[in-house]
Amino acid sequence: MKKENAIVLLTSLMTIFLIASNISSKKIIEFNDYIRLTAGFFTYPFVFLFAGVIIGIANKKTYFHSIFVSYISYLAFISLMIITAKIDGLESQEQLNESFKIIFNLNEYRIFFSSFLAYLVSMISFYYFYKYINGSLYKKILLSVLLSSILDVNIFLIISFFGEIKIYELFTLLLSATLKKILTQIILVPPTVKLIKMIKNEKNNSN
């Protein structure tokens, strides 16, 4: 696959997983009394995977273009869904109408803002961490994705829940979410590195 085609595909996948993560974040999955995760926990780490591959194969301008296109596409989708939710449906579809209003609730402006800020800061930081960390490709991806994803989850949770829950509960939530985030991102580092090498090798072979 050519680098240009790979970037288009990766940007599209990043957009899809970003949308899926934000929508599914409203669903809580309980494994036991101690482990509760949002459904978005399983999809959002892939946003960093795709972003990491783009960082590894593209220049600065292309990377920032990809992350902004991805988020603008997400906002366009959410805007259309909010408009849809505002339009009254058939009376027989009352349950479906209420579901739409709950999922696409613009009143949760604090969540939308924290999500946007966390995404923006973490994705920008991801690029600069990667560029300024020395070492092997694996080390650069590992450290940059861990640092940026930790920023992401902490910015999101602090802005979303500070003042809404008790301080010790927020601290516990931050610690738990950060540890889970670290674990999932570490698991996705090897496929990220493999994809970067595969695309770069194919480019070299075609030259």
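Nothing fancy with the numbering, it's 1 onward along the sequence. Computed from heavy atoms alone, side chains included, the values below leave out hydrogens, waters and symmetry copies. Computed from a prediction, not measured in an experiment: that's the story for all the values here.
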Enquirer: Please check if the distance between the ring centroids of Tyr71 and Phe68 is under 6.0 Å.
Expert: no
Enquirer: Quick one, Leu183 and Leu179 - any side-chain contact, counting heavy atoms below 4.5 Å?
Expert: no
Enquirer: Does Lys200 reach the side chain of Ile57, with side-chain heavy atoms less than 4.5 Å apart?
Expert: yes
Enquirer: Tell me whether Lys197 at atom NZ has more than 12 heavy atoms from other residues, nucleotides or ligands lying less than 6.0 Å away.
Expert: no
Enquirer: If you apply the rule side-chain hydrogen bond (donor to acceptor under 3.5 Å, both in side chains), what do you find for Thr11 with Ser70, and how did you get there?
Expert: CA-CA 6 Å; Thr11 303; Ser70 181; over 6 Å; no
Enquirer: Are Phe46 and Leu13 side-chain neighbours, meaning at least one heavy-atom pair lies under 4.5 Å?
Expert: no
Enquirer: May I ask you to test the Lys181-Leu146 pair for a side-chain heavy-atom distance under 4.5 Å?
Expert: no
Enquirer: Once the angle between the rings of Tyr63 and Tyr127 is folded into 0 to 90°, is it parallel (under 30°), tilted (30 to 60°) or perpendicular (over 60°)?
Expert: parallel
Enquirer: Mind running side chain to side chain contact (heavy atoms under 4.5 Å, CB included) on Ser66 and Met14 for me, showing each step along the way?
Expert: CA-CA 9 Å; Ser66 291; Met14 190 161 59; 4.3 Å; yes
Enquirer: State, with a plain yes or no, whether a side-chain heavy atom of Leu9 is found less than 4.5 Å away from one of Asn5.
Expert: no
Enquirer: Determine whether Tyr44 and Asp152 satisfy the following criterion, side chain to side chain contact (heavy atoms under 4.5 Å, CB included), listing intermediate values before the conclusion.
Expert: CA-CA 11 Å; Tyr44 195 64; Asp152 177 82; 3.1 Å; yes
Enquirer: If two hydrophobic side chains count as joined below 4.5 Å and joins carry through other members, does Ile186 share a cluster with Ile141?
Expert: yes
Enquirer: Do the side chains of Leu151 and Phe171 join up, straight or via other hydrophobic residues, at under 4.5 Å, putting them in one cluster?
Expert: no
Enquirer: One pair to check against side chain to side chain contact (heavy atoms under 4.5 Å, CB included): Tyr119 and Leu18. What are the steps and the verdict?
Expert: CA-CA 10 Å; Tyr119 175 84; Leu18 181 63; 4.0 Å; yes
Enquirer: With the side chain counted from C-beta on, respond yes when Phe126 and Ser149 share a heavy-atom pair under 4.5 Å apart, and no when they do not.
Expert: no
Enquirer: Are Thr192 and Val145 close enough that some pair of their side-chain heavy atoms sits under 4.5 Å apart?
Expert: no
Enquirer: Does Tyr168 offer a backbone N or O that forms a donor-acceptor pair with the side chain of Thr172 under 3.5 Å?
Expert: yes
Enquirer: Could you check whether atom CG of Asn59 has more than 12 heavy atoms from other residues, nucleotides or ligands sitting under 6.0 Å from it?
Expert: yes
Enquirer: What is the minimum heavy-atom distance between Gly52 and Ile196, and which atoms define it?
Expert: O-CD1, 3.6 Å
Enquirer: Flag yes if more than 12 heavy atoms outside Tyr138 fall under 6.0 Å of its OH atom; otherwise flag no.
Expert: yes
Enquirer: Got Thr184 and Lys180 here, is their nearest side-chain heavy-atom distance under 4.5 Å?
Expert: no
Enquirer: Work out which heavy atom in Gly56 is nearest to a heavy atom in Tyr130; give both atom names and the distance.
Expert: CA-OH, 3.9 Å
Enquirer: Quick one: CZ on Phe50 to CG on Leu195, what's the gap to the nearest 0.5 Å?
Expert: 8.5 Å
Enquirer: Can you check whether Ile133's main-chain N or O pairs, donor with acceptor, with Lys140's side chain at less than 3.5 Å?
Expert: yes
